[in-house]
J.: 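Here you go, one structure.
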Amino acid sequence: MGEQRPDHAARGASAAPAADRLPRTIILRDVVVFQVKLFFDGLRDLLLVPVSLVAAVVDVLAPGKNTGQHFYEVVRFGRRTERWIGLFSAADHLDDRPHEPMPDTIDDMVARVEGKLRDEYGQRKPRERPPP
């Protein structure tokens, strides 16, 4: 039938990778859904940039004991929408493949840079100011 290429028919189903066994209709559906999700993800990011900056400015400039409340509420909203969008959920079709080790996240890299900066500058004695 039209779902399988001739070169794969000769090899047998067990030799074909998981993506080759998926019907084309599923792949096309996943492509369309992925594009819609990319649109919503980009729109969310476009809106979160100014909203998060305004929330941060309000939190820094407004006196009170709840400093950061507005900014972190925007971050929580972003996390919820990230889960709702599920941008890369189509990769679930490849669950029979071994999972690749997760690379470092941006948070991991920032923590390493912060640690190195603390090590570098935290060990130095502050410069004495020259007498006026």
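Everything quoted here is computed from the prediction, not taken from an experiment. We number each residue from 1, following the sequence as shown.
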J.: Please identify which of these residues, Val74, Thr81, Val75, meets the side-chain contact (heavy atoms from CB on, under 4.5 Å) condition with Phe77.
T.: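 Single side-chain contact (heavy atoms from CB on, under 4.5 Å) partner of Phe77 among Val74, Thr81, Val75: Thr81.
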J.: What are the two closest heavy atoms between Asp104 and Arg112, and how far apart are they?
T.: OD2-NH1, 2.8 Å
J.: Checking Glu82 against Arg79 for the salt bridge (charged side-chain N to carboxylate O under 4.0 Å, His left out) test, could you report, in this order, the C-alpha distance in whole Å, the side-chain angles of both residues, the deciding distance, and whether it holds?
T.: CA-CA 5 Å; Glu82 181 177 47; Arg79 179 182 282 168; 5.9 Å; no
J.: With sequence neighbours excluded, what pairs up with Arg29 under the side chain to side chain donor-acceptor pair (under 3.5 Å) test?
T.: none
J.: Does Trp84 belong to the same Ile/Leu/Val/Met/Phe/Trp/Tyr cluster as Val33, with side-chain heavy atoms less than 4.5 Å apart forming each link?
T.: no
J.: About how many Å separate CG of Asp30 and OG of Ser89, when rounded to the nearest 0.5 Å?
T.: 7.5 Å
J.: Measure the acute angle between the ring planes of Phe88 and Phe34, then classify it against the limits of 30° and 60° as parallel, tilted or perpendicular.
T.: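 Ring orientation, 0 to 90° scale: tilted.
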J.: Give, for atom CZ of Phe40 and atom CD of Gln35, the distance between the pair rounded to the nearest 0.5 Å.
T.: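 One gets 13.0 Å once the value is rounded to the nearest 0.5 Å.
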J.: Between Leu43 and Val36, is there a shared hydrophobic cluster once you connect ILVMFWY residues whose side-chain heavy atoms come closer than 4.5 Å?
T.: yes
J.: Do Leu46 and Leu53 share a hydrophobic cluster, counting only Ile, Leu, Val, Met, Phe, Trp and Tyr and linking them when any side-chain heavy atoms are less than 4.5 Å apart?
T.: no
J.: For Phe71, does its backbone N or O pair with a side-chain atom of Asp59 as donor and acceptor, under 3.5 Å?
T.: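 A pair under 3.5 Å: yes.
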J.: Determine whether more than 12 heavy atoms belonging to other residues, nucleotides or ligands lie under 6.0 Å from atom CD1 of Ile106.
T.: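 Not buried by this count: 12 neighbours or fewer within 6.0 Å.
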J.: Please round to the nearest 0.5 Å and tell me the distance separating atom CZ of Arg44 and atom CG of Leu87.
T.: 8.5 Å
J.: Do Val54 and Leu47 share a hydrophobic cluster, counting only Ile, Leu, Val, Met, Phe, Trp and Tyr and linking them when any side-chain heavy atoms are less than 4.5 Å apart?
T.: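 They do not share one cluster, since no chain of ILVMFWY contacts under 4.5 Å joins Val54 to Leu47.
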